[in-house]
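Below: one structure, written as structure tokens.
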Amino acid sequence: METPTSTPPPIVPRSSTPPAPIEPGPPRGGCARGGLIGCGVAALLVLALLGGFAAYVRRKPEALTDWIMRRVESGYASDVTTSEKERLQSAYAKFRVRLQERRVPRGDLERLRTIMSSAAMGTISRGDVRNLTELFEGGEPPRPTPEGPRGASPYPTPPVPPTP
């Protein structure tokens, strides 16, 4: 019997030139680094603008309340009467003077923010106009009505048991 013989692999002669060097990859920190630097600059600009706006509003708070009143006047509900609108405008004129003289308590500004945030979605209701008028006239906050703000039904508060 004959045994099969395998042929050895051919011998490749070595070349006299060394292998080519490995090419370097792209420089490190290319696109990501530039993006981070660009976003950092943009963030600083946004912070500077917000800081400038906050400083302006602290110096001239009537500018913000004027904008709020323009929004109120453009969004009255249909049931708000002309006399209620005139009373609100008159009360705001007096409030604006007090605001410029820095005689408005911080609590009144917080109430203004609360009233406007409750009226943010849609028209300014008759109740909102009354609340704003009372605020601008320097009156006490309105007592909660049984139907609650904007016609919502109040939810009951469960009694709190005494702690042992």
Side-chain angles (χ1 to χ4, degrees), residues 18-82 84-145 147-158 160:
I22 299 175
E23 293 291 323
R28 299 184 129 210
C31 185
R33 183 176 181 194
L36 286 175
I37 291 172
C39 288
V41 169
L44 286 175
L45 285 174
V46 167
L47 286 175
L49 287 174
L50 288 175
F53 178 73
Y56 178 75
V57 168
R58 281 184 173 259
R59 198 175 71 235
K60 295 186 67 98
E62 65 273 6
L64 185 60
T65 57
D66 288 345
W67 177 79
I68 290 171
M69 280 306 295
R70 282 192 300 272
R71 190 169 158 265
V72 166
E73 291 169 354
S74 68
Y76 286 125
S78 59
D79 62 343
V80 178
T81 65
T82 305
E84 289 172 329
K85 293 176 186 178
E86 290 170 355
R87 182 177 169 206
L88 176 63
Q89 290 170 350
S90 171
Y92 177 67
K94 294 173 187 170
F95 177 82
R96 190 174 190 279
V97 170
R98 287 193 339 245
L99 190 63
Q100 288 173 329
E101 295 172 350
R102 307 275 193 259
R103 293 186 301 129
V104 175
R106 177 166 268 166
D108 285 356
L109 295 175
E110 182 63 29
R111 277 183 54 212
L112 176 62
R113 187 192 65 78
T114 302
I115 292 168
M116 292 313 297
S117 65
S118 71
M121 304 302 277
T123 60
I124 308 300
S125 72
R126 194 174 194 177
D128 293 332
V129 170
R130 283 189 200 129
N131 290 340
L132 284 170
T133 304
E134 289 175 8
L135 169 70
F136 294 152
E137 289 175 343
E140 291 297 315
R143 293 188 183 106
T145 58
E147 65 268 357
R150 296 185 143 294
S153 61
Y155 30 95
T157 306
V160 178

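Computed from a predicted model, the values in this text were never measured in an experiment.
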Close side-chain approach of L112 and F136, heavy atoms under 4.5 Å
yes

Is any side-chain heavy atom of M69 closer than 4.5 Å to one of L88?
yes

Taking all non-hydrogen atoms of both residues, which atom of D108 and which atom of L135 are closest, and how far apart?
O-CD1, 3.5 Å

Reported CE-to-OG1 distance for the pair M116 and T65, which is rounded to 0.5 angstrom:
11.0 Å

The reported gap from CG in L109 to OG1 in T114 (rounded to nearest 0.5 angstrom) is 10.5 Å

Minimal non-hydrogen separation, Y92 against D66, with atom names
OH-OD1, 2.5 Å

Write down the atom of A91, the atom of T133, and the distance for their closest heavy-atom approach.
CB-O, 4.0 Å

Between R98, K94, R130, R87, which is the residue that forms a salt bridge (charged side-chain N to carboxylate O under 4.0 Å, His left out) with E137?
R87

R58, CZ atom: more than 12 neighbouring heavy atoms under 6.0 Å:
no

Donor-acceptor contacts under 3.5 Å from residues 72-81 side chains, at least two apart:
| residue | atom | partner | partner atom | Å |
| --- | --- | --- | --- | --- |
| S74 | OG | R70 | O | 3.3 |
| S74 | OG | R71 | O | 3.0 |
| T81 | OG1 | S83 | OG | 3.2 |
| T81 | OG1 | E84 | N | 3.2 |
| T81 | OG1 | E84 | OE1 | 3.3 |

Any chance you could measure Q89, atom CD, to R96, atom CZ, to the nearest 0.5 Å?
13.5 Å

